2 protein chains.
Amino acid sequence: MIDFEKSVTYVLTQLAIGYRTYLEKALGEIGLHSGQVFVMISLWKTDGQSQIDLVKNLDLTAPTVNIMIKSLMNGGFVECRKCPSDGRLMRVFLTDKGIECQTSVAEQWTKIEAQSYLNLTETEKLVLAQLFGKLRENLSLNIKTGSTKL
Amino acid sequence: MIDFEKSVTYVLTQLAIGYRTYLEKALGEIGLHSGQVFVMISLWKTDGQSQIDLVKNLDLTAPTVNIMIKSLMNGGFVECRKCPSDGRLMRVFLTDKGIECQTSVAEQWTKIEAQSYLNLTETEKLVLAQLFGKLRENLSLNIKTGSTKL
DNA sequence: ATCTAATGTTTTGCAAGCTAATCATAAAAC
DNA sequence: GTTTTATGATTAGCTTGCAAAACATTAGAT
């Protein structure tokens with residue numbers, strides 16, 4: 001019988017909950033939530049994306065992104081404008097507030113990274129990044145091919 | 001400026017979403033959901049725990065566990081009995097169905113693990129476990145001491 | 001030009017996590 | 001013995017993720 005608690009699935013899931021808690025606390029003062037910040041990260045890279053762009057870039061679903069954008073609009077971080085050339089598209093643009101808060105977010109983010117890396121050597125950091133890459137490959141393998149059945 | 005997308009926080013969060021999706025699909029036929037299965041894993045180890053026991057063992061909050069137990073009761077996986085010696089405690093016991101499904105869950109879980117490990121050597125598996133351990137330490141550090149402020 | 005397809009957004013309804021507040025019971029103080 | 005305090009369970013309300021279905025608009029077929 002498999003030892004659930006030592007499995008990647010188990011440990012990684014637990015870690016992710018921890019990271020979410022950290023993010024919530026770190027972003028609370030800025031006015032962002034743990035999920036919304038990922039939308040911001042994508043917009044800081046490429047402003048004016050449509051929802052479907054964000055869906056693809058963030059690997060989330062349309063309803064998830066849709067709701068997050070609404071919250072971000074309420075918070076004054078982004079604003080939406082219908083694309084004039086294609087009425088279906090809703091382009092999302094950063095407001096000044098949305099642009100400016102990047103610095104604060106980066107600060108908080110850097111602190112969490114530093115804490116994560118507390119007792120890791122440079123080599124270990126590299127190895128971790130590599131292993132994460134492999135895990136991601138392995139998982140997305142089936143997703144991309146569509147054969148999600150296990 | 002920090003490269004958000006290459007950070008542990010970012011990558012690990014994305015991975016966790018992937019694992020959740022996998023779990024949902026793998027457990028769907030069994031009738032369990034991705035969160036509930038962690039309660040089951042704890043009960044398979046120690047049956048008859050109270051909610052507060054589960055909260056501590058799973059590192060979750062009381063409301064989260066409370067709702068999961070309700071769902072698990074609805075699904076017929078567990079049943080609850082008030083502790084006769086302490087009326088506050090609600091002990092959670094596995095039903096036959098709850099005990100029996102462990103085999104199926106282990107099967108599915110093993111498949112996900114196998115897929116995770118597809119292109120990893122034995123050494124890499126060990127290193128990954130070690131690194132996960134360190135991350136967990138680093139994160140829970142502040143949590144345990146109470147100084148959650150960043 | 002019209003009808004159908006496809007594409008993008010939104011709504012609805014669920015599960016999973018949280019905080020804060022409430023209720024029930026037990027333990028402790030007095 | 002009564003009151004206060006502490007503990008465990010629950011409720012209410014939020015964010016975040018999903019699937020499925022509905023809606024709006026564009027593109028394609030005829």
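These figures come from a predicted structure and were not determined experimentally. Protein chains get the first letters and strands the later ones, always in sequence-line order, with residue 1 at the start of each.
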Next item on the list: Side chain of A/Arg88 only, please: which of D/dA9, C/dA26, C/dG8 is the nearest?
Entry: C/dG8
Check: According to a strict under-4.0 Å criterion, is A/Thr64 in side-chain N/O contact with OP1 or OP2 of D/dT16?
Finding: no
Notebook entry, point to check: Under 6.0 Å from the NZ atom of A/Lys6, do we count more than 12 heavy atoms belonging to anything else shown?
Noted result: no
Next item on the list: Mind calculating the distance between CZ (B/Arg20) and C1' (C/dG17) to the nearest angstrom?
Entry: 9 Å
Notebook entry, point to check: Of all the nucleotides listed (C/dG17, C/dT9, C/dT19), which has the minimum atom distance to the side chain of A/Ala62?
Noted result: C/dT9
Next item on the list: Answer syn or anti for C/dA16, where the cut-off is 90° from 0 on the glycosidic torsion.
Entry: anti
Item checked: Side-chain ion pair, A/Lys125 and A/Glu122, N-O less than 4.0 Å -> yes
Note to self: Output the rounded distance in Å from CD (A/Gln14) to P (C/dA16).
What the structure shows: 16 Å
Next item on the list: When you get a sec, tell me which of D/dT16, D/dT10, C/dG17 is the closest nucleotide to the side chain of B/Met90?
Entry: D/dT10
Notebook entry, point to check: Paired with D/dT4: which nucleotide, if any, by Watson-Crick or G-U wobble criteria at under 3.5 Å for both distances?
Noted result: C/dA27
Note to self: Looking at B/Lys82, I'd like to know whether one of its side-chain N or O atoms comes within less than 4.0 Å of OP1 or OP2 on C/dT25.
What the structure shows: yes
Check: When the ring planes of B/Tyr10 and A/Trp109 are compared, do they come out parallel, tilted or perpendicular, using 30° and 60° as the limits?
Finding: tilted
Note to self: Please report the distance, rounded to the nearest Å, between CD1 in B/Ile52 and P in C/dT25.
What the structure shows: 17 Å
Check: Nearest-Å distance, OH (B/Tyr22) to P (D/dC18)?
Finding: 14 Å
Checklist line | Pairing of A/Arg81 and A/Glu79 as salt bridge, 4.0 angstrom limit | finding: yes
Note to self: So if I take every side-chain heavy atom of A/Pro63 and compare against C/dT11, C/dA15, C/dA20, which nucleotide ends up nearest?
What the structure shows: C/dT11
Checklist line | Integer-rounded Å distance: D/dT16 P and B/Glu24 CD | finding: 19 Å
Next item on the list: For B/Phe38 and C/dG17, give me the distance from atom CZ to atom C1', rounded to whole Å.
Entry: 12 Å
Note to self: Whether the A/Gln49 and A/Arg91 side chains hold a donor-acceptor pair (N or O, under 3.5 Å, no angle test) is what I'd like checked.
What the structure shows: no
Next item on the list: Name the closest nucleotide to the A/Leu60 side chain, picking from C/dT9, D/dG17, D/dA19.
Entry: D/dG17
Notebook entry, point to check: Quick one: is D/dT10 close enough that its OP1 or OP2 comes under 4.0 Å of any side-chain N or O from B/Asn66?
Noted result: yes
Note to self: Without decimals, in angstroms, what is the distance between A/His33 NE2 and D/dG13 P?
What the structure shows: 17 Å
Margin query: Any base atoms under 4.0 Å from A/Ser71, or only sugar-phosphate, or nothing? Heavy atoms, all strands.
Written below: nothing
Notebook entry, point to check: Within the structure, does a side-chain N or O atom of A/Lys70 lie under 4.0 Å from either OP1 or OP2 of C/dT10?
Noted result: no
Item checked: Modelled atom types, side-chain donor and acceptor of A/Tyr19 and A/Ser116, under 3.5 Å -> yes
Item checked: Among D/dG8, C/dG8, C/dA15, the one nearest A/Leu89 by side-chain distance -> C/dG8
Check: Rounded to the Å, how far apart are A/Ile69 CD1 and C/dT11 P?
Finding: 13 Å
Checklist line | Who pairs with C/dT11 - Watson-Crick or G-U, where each distance is under 3.5 Å | finding: D/dA20
Notebook entry, point to check: Is there a side-chain polar atom (N or O) of B/Ser50 under 4.0 Å from OP1 or OP2 of D/dG8?
Noted result: no
Next item on the list: Give a yes/no on whether any side-chain N or O of B/Gln36 is located under 4.0 angstrom from OP1 or OP2 of C/dA15.
Entry: no
